[in-house]
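We count ligands from 1, going down the list as the structure has it; atoms in each ligand are counted the same way. None of these values were measured; they are calculated from a predicted model.
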Amino acid sequence: MKKTTKQYLEYLEMSGIQDIFFEERKMNSTEKFEKLKAKTLKCKKCELAKTRNNVCFGNGNPNADLMLIGEAPGAEEDKTGNVFVGRAGKLLTKMLQAINLEREDIYIANTVKCRPPENRDPKAAEKIACLPYLEKQIAIIQPKIILLVGRVAAINLLKQDIPLKTFRETTHLYQGIKTYVSYHPSALLRNPNWKRPAWEDLQKIQQDLENLK
Ligand code: URA
């Protein structure tokens, strides 16, 4: 219902006209998601808005059981507005395929939605400004499993400042959702020795997804 219509009905009611009932139509999750996306794409809450070319909101299936969360967009992502499409993204696609998942089967997002210049680490103020968008994304998607890749995403959501190795030792709960922490694909490109433990993490997730069926 339009705000002006609602105000008019409230005015009629206050003027003594009885029995005016109206119900706010609740937005469904697709509408909520689109509204959040539109708001995020216009965001100017931090200084990254001045240097970005595109806001990288996220890609994939908003009804997915698995949501993967990375750090921040790089150059390719900034150019296209899509997440994980550069070198690290190509590796991520292969890693997902190794557990029989296509990118479209899951939802992929970042903790920070705009590219930090020269791929520097996102600043605290940028992470704080962007976090509500991610929190709302998760609340609407309601994934059954979250996979945080890299320490930046893990610290940001789990609010613990511990080494990645320690994060990986257990699963965590984010808002009641089972949450894994694993290596960021960029780290795997730098150090292929981590591919084995990353693969083991993915296999556990694959098993969890199977168990959901
Ligand atoms: N690294 C990330 O964390 N996210 C991207 O979208 C690309 C690279």
Ser186, portion touching ligand 1 at heavy-atom distance under 4.0 Å
neither
Interatomic distance, [X] atom [atom1] to [Y] atom [atom2] [nearest 0.5 angstrom]:
X	Y	atom1	atom2	result
Arg87	Ser186	CZ	OG	8.5 Å
Leu66	Ile145	CG	CD1	6.0 Å
Glu76	Cys56	CD	SG	10.5 Å
Glu71	Arg151	CD	CZ	11.0 Å

Can you check whether Tyr180 and Tyr174 have ring centres sitting under 6.0 Å from each other?
no
Per-atom contacts, ligand 1 versus [X] - under 4.0 Å to a heavy atom:
X	answer
His184	1 (N), 2 (C), 3 (O)
Glu71	2 (C), 3 (O)
Gly70	3 (O)
Val83	6 (O)

What orientation do Tyr183 and Trp194 show, parallel under 30°, tilted 30 to 60°, or perpendicular over 60°?
parallel
Give the residue and atom name of whichever protein heavy atom lies nearest to atom 4 (N) of ligand 1, and the separation in Å to one decimal.
Asn110 OD1, 2.8 Å
In the protein, what heavy atom is nearest to atom 2 (C) of ligand 1, and what distance, to one decimal place, separates them?
Ala72 O, 3.1 Å
So, regarding Gly74 and ligand 1 (criterion: nitrogen or oxygen to nitrogen or oxygen, under 3.5 Å), is there a contact or not?
no
May I ask whether Ala88 has any heavy atom positioned less than 4.0 angstrom from an atom of ligand 1?
no
Name every donor-acceptor pair, under 3.5 Å, that has one atom in a side chain of residues 120-133 and the other anywhere in the protein, sequence neighbours excluded.
unit_1: Arg120; atom_1: NH1; unit_2: Glu126; atom_2: OE1; d: 3.0
unit_1: Arg120; atom_1: NH2; unit_2: Glu126; atom_2: OE2; d: 2.8
unit_1: Lys123; atom_1: NZ; unit_2: Glu47; atom_2: OE2; d: 3.0
unit_1: Glu126; atom_1: OE1; unit_2: Lys123; atom_2: N; d: 2.7

